[in-house]
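All figures in this text were calculated on a predicted structure; none of them were measured in a lab.
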Amino acid sequence: MATLERIRSKGGILVAIFIGFALFAFIMMDFMGSGDAMFQRGQTELANINGTSIDIQDFQRRVSEIEEFTKLNRGVNSLSAEEVNSIRDQAWEELVITTLLKERYEQLGIEVTSAELMDMVTGNNIHPSIRQHPLFMNQQTGSFDPQQVVNFLMAKDQDPTANFYWSVMEKQLLQEQHRVKYDNILRWGMYIPSLWQEKEIKSRTRVTDFDYLRARTLTISDDEVSLTDREIENYYNNNKDRFKQEASRAIEYVRFQVTPTDEDIKRAEDWIKDMIDDFSHPETDAEQFVNLNSDEPFSGRYHRPQEFSSQIEDFVLTSSPGDVYGPYREDESFKAARLVDVSQIPDSVRASHILIQEPTQQQSHQLADSLISIINAGESFADLARDYSMDQGSAINGGDLGWFREGMMVEPFSNAAFTSNIGDVVKTETEYGIHIIYVQNQSRPVTKYQVATLAREITYSSQTYQNVYSKATRFAANSQTADNFASTAEEEGYNIRSASNIGINDRSVGNIENSRELVRWVYEAEPGEMSQVLEFEDQFVVANLVSKTEKGVEPLSNVRAQIESVLLREKKADLLAERLKEFKDEGLNLTEIATKVEGDISFAEEISFETRQIPGAGIEPGLSGLAAHSPLNQIAGPVKGNNGVYLIQVTNEYDKEVDENSLRQEFMQLISTKTNQQLPEWIKDKAEIEDKRFNFY
């Protein structure tokens with residue numbers, strides 16, 4: 001139990017360390033569905049990756065485990081829909097990569113032995129994730145303690161939560177070690193030829209100043225170049241990878257927003273007016289009344305006057321406890337404010353605490369009371385915090401939390417710290433457990449006010465909802481074709497919105513939140529088909545499927561104009577390069593050539609081979625590469641760049657010292673970096689992945 005509470009108390013740190021572990025580790029296991037029949041497997045197959053069948057139940061079980069792991073780390077009971085969707089998406093990406101990598105591990109015979117694993121945990125090569133984990137820190141020194149690992153491993157079987165954590169850590173370590181071995185094989189199987197390295201090093205030792213002439217393709221008219229159908233078709237056939245597309249849909253839709261009517265607004269205002277007498281009664285407990293009746297809970301915080309809204313700031317300053325102001329409208333609510341108390345409260349407090357988390361609440365209170373008695377008898381608060389506090393982050397510092405302002409801590413803790421006196425030792429209870437608080441110091445007290453706010457949100461009624469729904473159904477009934485959809489919207493004054501590039505696994509369309517049902521519909525419909533009325537929270541949608549695009553290579557007709565633009569630009573650049581070469585061979589200088597090609601001349605200085613940004617030209621690596629190898633005071637080129645075709649004349653050169661060993665290490669690091677960055681996309685691109693998540697989520 002102690003380990004469980006300790007893990008919970010360190011939720012914030014553990015999330016940072018382990019959330020990536022969980023997403024990567026839980027999906028390591030074999031996901032192959034093994035149903036009794038092909039029919040059953042087909043019904044529950046989430047994906048097929050190079051012939052490996054992924055069963056929805058196995059995948060969802062892993063996702064659920066990740067969700068529970070995340071909730072435990074964060075100390076919460078639930079996750080938002082957005083967080084769950086994010087976890088599912090990340091789990092999918094990791095599933096694809098780990099499944100494909102597993103194939104390669106098996107092909108290459110890559111294994112990680114139990115001895116290697118133990119060496120990473122308790123041996124001579126402790127993994128950083130173990131060495132940096134707060135569970136394995138010495139509470140006195142704050143540094144890694146190998147004995148803490150041994151103690152954890154010996155005790156984990158007695159604590160399901162500890163066992164759960166260890167399974168995550170162990171699987172992650174195994175997966176990471178597999179990947180390290182695989183990356184090493186790839187890295188040592190690749191090399192940069194020594195001749196290339198020598199040429200690269202030599203290039204980097206030279207720094208130049210140069211004049212350059214830029215000729216722009218815009219000066220070549222379309223009439224001067226021509227394209228044939230064969231050239232366009234050849235380019236398309238040779239570059240089909242550039243024209244790959246994912247499945248997508250495009251729609252038009254009309255949205256019907258359900259918003260409060262004037263009657264709904266008046267109903268909220270009348271409710272506040274009816275409640276003010278009871279709220280104002282001297283015998284009414286303001287906190288209890290608000291918590292029982294208000295749409296906003298009571299906050300016990302004390303505030304400076306300027307921290308209140310401008311509507312009640314003057315009321316707070318000129319009223320006495322018990323006075324009530326309202327009703328008034330603020331944001332989307334009608335409110336009434338009652339001044340509860342005026343007190344001298346500091347702006348900031350420095351305090352220490354001991355967090356108690358025993359198996360039961362009664363045991364926690366008993367231990368807290370005993371410790372308070374010992375502290376009042378003269379025992380060191382800091383020593384007791386180091387020995388007993390479950391908040392290991394502050395326990396190392398004797399429980400010291402430093403200075404904090406009101407509102408930075410959870411409310412019960414904050415109230416206790418700010419309403420006590422310097423030197424007080426008090427006890428309070430929060431969602432994290434029982435706290436013993438020692439108030440070390442406080443800033444100068446200032447006048448602050450406690451206000452109870454009775455609020456009634458302005459919401460639409462069921463009748464308002466029904467009226468909007470009726471409008472939507474009437475529109476849908478009158479919009480059975482694309483033409484009717486447009487004409488009916490125009491006649492009734494509805495704005496037609498559009499959304500394109502809707503992916504099969506998207507969860508929202510445009511600004512319609514949580515509209516997965518609409519995405520499902522667009523992938524089941526055919527162009528020209530109209531949807532029924534779809535409901536999304538406080539709005540209704542009627543949609544028209546305009547077009548659909550299937551996964552594959554875009555047809556030539558769709559990309560012809562794009563190809564023509566590329567080829568025309570290349571032909572114009574080739575034509576410019578020919579002309580520049582002719583003028584250079586004739587012995588003309590840069591100024592004379594610039595006049596003939598309507599070009600411009602600029603100057604660049606201190607340019608080396610690795611320079612990418614050329615002043616006045618933009619990102620032109622070809623230009624810096626040409627300068628690195630051009631003779632002094634001679635016109636060199638032409639070279640085609642991103643923003644034109646260039647000639648250069650080097651006017652000055654300098655030698656720059658380079659560390660050859662560092663450069664060679666840089667070359668090897670470049671290989672390693674490119675391998676790590678490009679490998680996941682490369683293996684996915686070469687794989688056959690059938691994604692069926694659409695059928696389940």
Side-chain angles (χ1 to χ4, degrees), residues 5-6 8-12 71 74-78 285-304 307 321 338-373 375-376 381 384-385 388-395 398-443 445-446 448-455:
E5 299 300 346
R6 209 170 151 204
R8 283 177 175 160
S9 71
K10 297 304 297 176
K71 287 188 286 188
R74 296 183 183 177
V76 298
N77 295 321
S78 62
D285 183 312
E287 177 179 353
Q288 184 182 56
F289 190 87
V290 166
N291 286 334
L292 288 175
N293 297 287
S294 178
D295 289 333
E296 295 180 8
F298 176 81
S299 172
R301 281 190 60 191
Y302 286 78
H303 297 267
R304 289 172 175 259
E307 293 175 349
R338 175 173 168 173
L339 183 60
V340 177
D341 189 30
V342 181
S343 185
Q344 297 295 307
I345 302 290
D347 273 334
S348 57
V349 168
R350 181 172 184 176
S352 299
H353 85 135
I354 300 172
L355 176 62
I356 307 297
Q357 295 175 329
E358 290 300 296
T360 68
Q361 188 180 44
Q362 181 180 2
Q363 290 174 318
S364 294
H365 277 288
Q366 289 175 346
L367 177 57
D369 292 340
S370 298
L371 292 177
I372 290 175
S373 297
I375 293 168
N376 290 335
F381 188 97
L384 292 175
Y388 289 94
S389 182
M390 298 305 295
D391 179 6
Q392 297 301 306
S394 65
D400 189 4
L401 297 169
W403 287 93
F404 53 90
R405 291 183 174 275
E406 194 170 5
M408 292 178 62
M409 303 295 183
V410 291
E411 189 169 298
F413 189 102
S414 183
N415 290 343
F418 279 84
T419 56
S420 300
N421 297 316
I422 296 175
D424 284 354
V425 176
V426 296
K427 180 179 72 170
T428 191
E429 182 175 349
T430 73
E431 60 194 270
Y432 300 105
I434 306 300
H435 303 260
I436 304 172
I437 304 172
Y438 167 48
V439 181
Q440 301 179 56
N441 204 349
Q442 296 176 333
S443 63
V446 295
K448 292 188 176 183
Y449 303 83
Q450 186 185 58
V451 171
T453 302
L454 181 66

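Considering OG of Ser364 and CD of Glu429, their distance stands at 8.0 Å, rounded to 0.5 Å. The CD1 atom of Ile372 sits 10.0 Å away from atom CD1 of Ile434, with the distance rounded to the nearest 0.5 Å. Rounded to the nearest 0.5 Å, atoms CG (Leu355) and CE (Met390) are 7.5 Å apart. Atom CZ in Arg304 sits 11.0 Å away from atom OH in Tyr449 (nearest 0.5 Å). Expressed to the nearest 0.5 Å, how far OG of Ser343 lies from CZ of Phe418 amounts to 12.5 Å. Remark: Trp403 CH2 to Asp347 CG distance equals 10.5 Å, nearest 0.5 Å.
Between the side chains of Glu358 and Gln366, not a single donor N or O lies within less than 3.5 Å of an accepting N or O. No side-chain donor from either of Asn376 and Ser373 sits under 3.5 Å from a side-chain acceptor of the other. Between the side chains of Tyr302 and Asp341, a donor-acceptor pair is found at a separation under 3.5 Å. Between the side chains of Gln440 and Ser352, a donor-acceptor pair is found at a separation under 3.5 Å. In summary, the side chains of Ser414 and Glu411 do not present any donor paired with an acceptor at a separation below 3.5 Å, with no hydrogens or angles considered.
Between Lys448 and Pro346, the shortest heavy-atom distance links the atoms NZ-O, 3.2 Å. Phe381 approaches Ile354 most closely through the heavy-atom pair CZ-CG1, 3.7 Å. Nearest heavy-atom pair, Thr428 versus Pro412, reported as atom, atom and distance to 0.1 Å: OG1-O, 3.6 Å. What you find for Asn441 and Ile422 is that their closest heavy atoms are OD1-CD1, 3.6 Å.
The shortest side-chain heavy-atom distance between Leu384 and Ile375 falls under the 4.5 Å cut-off. In this structure, the side chains of Leu339 and Gln450 stay at 4.5 Å or more apart for every pair of heavy atoms. The shortest side-chain heavy-atom distance between Arg350 and Asp400 falls under the 4.5 Å cut-off. Considering only heavy atoms from C-beta on, Phe404 comes within 4.5 Å of Met409 through its side chain. Val425 is listed as a side-chain neighbour of Ile436, based on a closest heavy-atom distance under 4.5 Å. Taking 4.5 Å as the limit, every side-chain heavy atom of Ile437 sits out of range of all side-chain heavy atoms of Lys427. Side-chain atoms of Val349 and Val439, non-hydrogen and from C-beta on, do get closer than 4.5 Å to each other. A 4.5 Å side-chain heavy-atom check between Leu371 and Ile356 finds at least one atom pair inside the cut-off.
In this pair, His353 and His435 present their aromatic rings parallel. The plane angle is below 30°, not in the 30 to 60° band.
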Assess whether side chain to side chain contact (heavy atoms under 4.5 Å, CB included) is satisfied between Val410 and Glu431, documenting all intermediate values. CA-CA 9 Å; Val410 291; Glu431 60 194 270; 4.1 Å; yes
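At least one donor-acceptor pair under 3.5 Å links the side chain of Arg301 to the backbone N or O of Glu406. A donor-acceptor pair under 3.5 Å is formed between the side chain of Ser443 and the backbone N or O of Ser348. Of the possible polar contacts, one joining the Gln357 side chain to the Tyr432 backbone as a donor-acceptor pair under 3.5 Å is found. One N or O on the side chain of Asp424 and one on the backbone of Asn421 form a donor-acceptor pair closer than 3.5 Å.
Counting heavy-atom neighbours within 6.0 Å of Gln344 CD, excluding the residue itself, gives a total above 12.
Among residue pairs with one or both ends in residues 287-298, those qualifying as side-chain hydrogen bond (donor to acceptor under 3.5 Å, both in side chains) are Glu296-Lys335; sequence neighbours excluded.
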